[in-house]
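The structure appears below as structure tokens.
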Amino acid sequence: MRMNAALVGTIAGLGWLAAQPAVSTEAAFHPVTEAISRNPDPGDWLHWRRTLDGWGFSPLTQITTKNVKGLQLVWSATLEAGASQAAPIAYEGVIYMASPGGVVQALDGVTGDTRWEYRRTPAVVRRNLAIYDDKIIVNTVDAHILALDARTGRLVWETTVADTRKGYSFSSGAIAVEGKAISGLTGCGRYKDDVCYITAHDIKTGKEAWRTSTIARPGEPGGDTWGNLGLNFRAGGDAWIPGSYDPEARLIYWGVAQAKPWTRVQRGTDGDALYTGSTLALDPDTGRIAWYFQHLPGETHDLDEVFESLLINDGGRRSLFKMGKLGVMWELDRRSGRFLSAHDLGYQTLVTIDPASGKALYRAEMIPKLNQAISYCPGPGGFKNLTAMAYHPATKAFYVPLSLTCTEAVFGAMKQEDGGGGTGPAARSSLPHPASPKDLGEFVAMDKATGRLLWRHRQPAPFNSAALTTGGGLVFVGDYSRRFTAFDAASGARLWETRTTGAPQGFPISYSVGGRQFIAVVSGPGTTWNLINVPALQPNAPQPKPGSAIHVFALPSGQAASVR
């Protein structure tokens, strides 16, 4: 039975219907094949960072450094209430995205008209979706994965991945790899008889193909790095940011977050606590760990290295680049996991990194002790968080949104008991970084080969959207003060900016329909540590108001036609 959109929304709001798509008009749709997934049309944005190499780069060239000042808002749409960190995808002129409040939407990319809408309780994740074949892959906060018909929003299948009563959840969606939906779980902090893992599900059927633990179990390789702790006291290792894929090497790359509780003294470990704080390379057929690199052995401050992996070829060098909360740009050989380089922004006060091995060693005075105050940089939000960096192949540079904060913290004692665990008791307050006492936000361009900063912008408001680079020589990013800005990727000159209804969030994208290029960004309330604590650090700064929306920009029709 089909119902109109208003009726579905009303019934869902009353709790009478758990999940039901709205009416849609089926349009011509070409299934996304493996070839299309690996090499999207320049006008499409198929993965959370457009391509499976994680660049966040659109090759579209219609909007350039010379005409970007002509960008205008062409449509916008109000989204459901709630935190918004959306990573829209765009295919054949349709935008698909997860909105706050458990809604998946398909919107016309030219007009913003709703093609279909799917509502679910409990909610879907607030970040990315995946598309493959004729299906939209959706992960949910209650640890389910489901497939919707991309034409209509009709539910095709739904699979339970983990028991949400044990704390398991998804906060990000899947990536599509060779007909499988690869997803990473979060909510792994509680003590229980299981650990966190990454899973693969067949996109046609929803059947699980494999699952790989992100924590080394007793008796397995790496299991001794947790000391004598039993499996039920090995917590953390959340895999909460989507991964990348190299079809030539046939390896999936996924980041693993910190161990929990946050500090070694609380959790009772002195060792490395594998595979937390690591990048894993996984076989797409079996989930077997081909290699790992641990960025922060025995992490002890709640500083993830879990974020996006960028895969870049340069001559015979096949590299994986990653930056986490510490503000260190790691470069690894992506076939072997061998350490190649580490470029430190110079703001962190916690570790020294061996230039030969890449091993991070904690400074003795920086390791927390129970009930003793300790000050260090960065703070819990890190210098770099889920605000993803982007790469531009013309400049061979990374564009990284940063927040410059430190913290004073006191970590308390806790009991080890079944059903307990979590992050551990901690009292933490944000402090400005001494290198930038008035400016919380920094946006930098970093040379890929040398780590040298090509340019930087500092400002009072932190940058809090991902970066987007384009073939027109531009880089876009949003900040806490509601500004959405285009910079010249080469020079760093600020070329255009606008104010959105809320603070730009999530992951901006670029796509084209009928030869016209569009730039889309979502705005809404923030949820990261740095954004939550802006009022404490800058009490006089204007605070973004609640409410989420998507904003889509383009050149005026006549101007767009003239530059095709």
Side-chain angles (χ1 to χ4, degrees), residues 42-43 45 49-51 53-71 308 310-315 317 319 321-323 327 329 331 341 343-346 383-384 387-402 404 436 439 441-459 461-479 483-498 504 507-512 517-521 553-555 559-560 562-564:
W45 190 285
R49 300 301 286 148
R50 185 179 176 272
T51 46
D53 54 20
W55 287 13
F57 169 74
S58 167
L60 296 175
T61 59
Q62 185 180 88
I63 302 168
T64 69
T65 55
K66 294 183 178 179
N67 63 25
V68 67
K69 288 184 178 179
L71 271 189
E308 67 281 355
L310 279 66
L311 314 181
I312 299 173
N313 298 342
D314 192 351
R317 199 172 175 110
S319 298
F321 291 88
K322 178 184 287 289
M323 181 182 284
M329 184 69 76
E331 181 185 7
S341 69
H343 300 294
D344 191 338
L345 288 170
F383 301 132
K384 159 76 172 62
T387 49
M389 62 182 176
Y391 177 69
H392 202 298
T395 60
K396 294 189 175 181
F398 300 107
Y399 299 86
V400 192
L402 302 167
L404 302 183
S436 184
D439 292 330
E442 181 167 278
F443 190 46
V444 302
M446 175 184 278
D447 181 77
K448 172 178 68 66
T450 66
R452 181 174 62 91
L453 293 191
L454 305 177
W455 52 259
R456 64 153 48 102
H457 281 284
R458 281 187 183 166
Q459 61 180 47
F463 293 94
N464 62 295
S465 81
L468 160 68
T469 53
T470 73
L474 297 164
V475 54
F476 292 84
V477 71
D479 68 34
R483 291 184 301 182
F484 186 53
T485 303
F487 295 93
D488 185 311
S491 70
R494 192 185 296 262
L495 301 178
W496 170 88
E497 71 178 33
T498 189
F507 305 84
I509 70 170
S510 186
Y511 63 95
S512 69
Q517 182 181 357
F518 298 87
I519 306 291
V521 65
F553 304 90
L555 297 174
Q559 186 176 352
S562 67
V563 297
R564 281 180 202 166

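Keep in mind the model is a prediction, meaning the values are calculated, not measured. The analysis underlying the following values was restricted to heavy atoms, covering all of them including side chains, and did not include hydrogens, waters or symmetry mates.
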Original post:
Would Leu474 and Val68 satisfy side-chain contact (heavy atoms from CB on, under 4.5 Å), going step by step from the backbone distance to the final call?
Top reply: CA-CA 9 Å; Leu474 297 164; Val68 67; 3.9 Å; yes
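- A distance of 11.0 Å separates CZ in Phe476 from OG in Ser465, rounded to the nearest 0.5 Å.
- Between Phe487 and Thr469 the shortest side-chain heavy-atom distance does not fall below 4.5 Å.
- Of the possible donor and acceptor atoms, one in the side chain of Asn464 sits under 3.5 Å from a partner among the backbone N and O of Pro504.
- The heavy-atom pair separating Thr51 from Asp53 by the smallest distance is OG1-OD1, 2.5 Å.
- Between Pro59 and Arg50, some side-chain heavy-atom pair lies under the 4.5 Å cut-off.
- Using a 4.0 Å cut-off between a side-chain N of Lys or Arg and a carboxylate O of Asp or Glu, Lys322 and Glu308 do not qualify as a salt bridge.
- Residue Trp496 holds its CH2 atom at 8.0 Å from CD1 of Ile519, rounded to the nearest 0.5 Å.
- For the atom pair CZ (Arg483) and OG1 (Thr498), the distance works out to 11.5 Å, reported to the nearest 0.5 Å.
- Closest of all the heavy-atom pairs between Ala388 and Lys384 is CA-NZ, 4.0 Å.
- Proximity of the aromatic rings of His457 and Phe463 is defined here by a centroid distance below 6.0 angstrom, and this criterion is not met.
- Checked by atom type and distance alone, the side chain of Arg49 never pairs as donor or acceptor with a backbone atom of Phe57 at under 3.5 Å.
- A salt bridge links Asp314 with Lys448; the closest basic N to acidic carboxylate O contact falls under 4.0 Å.
- Closest approach of Ala466 and Pro401 over heavy atoms only: C-CG, 4.4 Å.
- With rounding to the nearest 0.5 angstrom, the OG atom of Ser58 is 9.0 Å from the CD1 atom of Ile509.
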**OP:** Apply side-chain contact (heavy atoms from CB on, under 4.5 Å) to Leu404 and Asp439, showing your working.
**Re:** CA-CA 8 Å; Leu404 302 183; Asp439 292 330; over 6 Å; no
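- Aromatic ring orientation, Trp55 versus Tyr391: perpendicular (interplanar angle above 60°, classes split at 30° and 60°).
- Ring geometry for Tyr399 against Phe443 counts as tilted: the plane angle lies between 30° and 60°, on a 0 to 90° scale.
- A centroid separation of 6.0 Å or more is found between the aromatic rings of Phe553 and Phe518.
- Side-chain atoms of Gln517 come within 3.5 Å of backbone N or O of Ile63 as a donor-acceptor pair.
- Distance check, rounded to the nearest 0.5 Å: CE of Met329 to CG of Leu345 gives 7.5 Å.
- Inspection of the Ser512 and Gln62 side chains reveals no N or O donor paired with an N or O acceptor under 3.5 Å.
- Between atom CG of residue Leu555 and atom NZ of residue Lys69 there is a gap of 13.5 Å, rounded to the nearest 0.5 Å.
- Counting only distance, with no hydrogens or angles, the side chain of His392 and the backbone of Thr470 share a donor-acceptor pair below 3.5 Å.
- Remark: the backbone N or O of Val475 is not paired with any side-chain donor or acceptor of Asp488 at under 3.5 angstrom.
- Side-chain atoms of Trp455 come within 3.5 Å of backbone atoms of Ala489 as a donor-acceptor pair (strictly under, hydrogens ignored).
- Contact between Leu60 and Ser510 at its shortest, heavy atoms only, is CD1-OG, 3.8 Å.
- Side chains of Met446 and Leu454 form no contact here, defined as non-hydrogen atoms less than 4.5 Å apart.
- In this structure, Glu331 contributes its side chain and Phe321 its backbone to no donor-acceptor pair below 3.5 Å.
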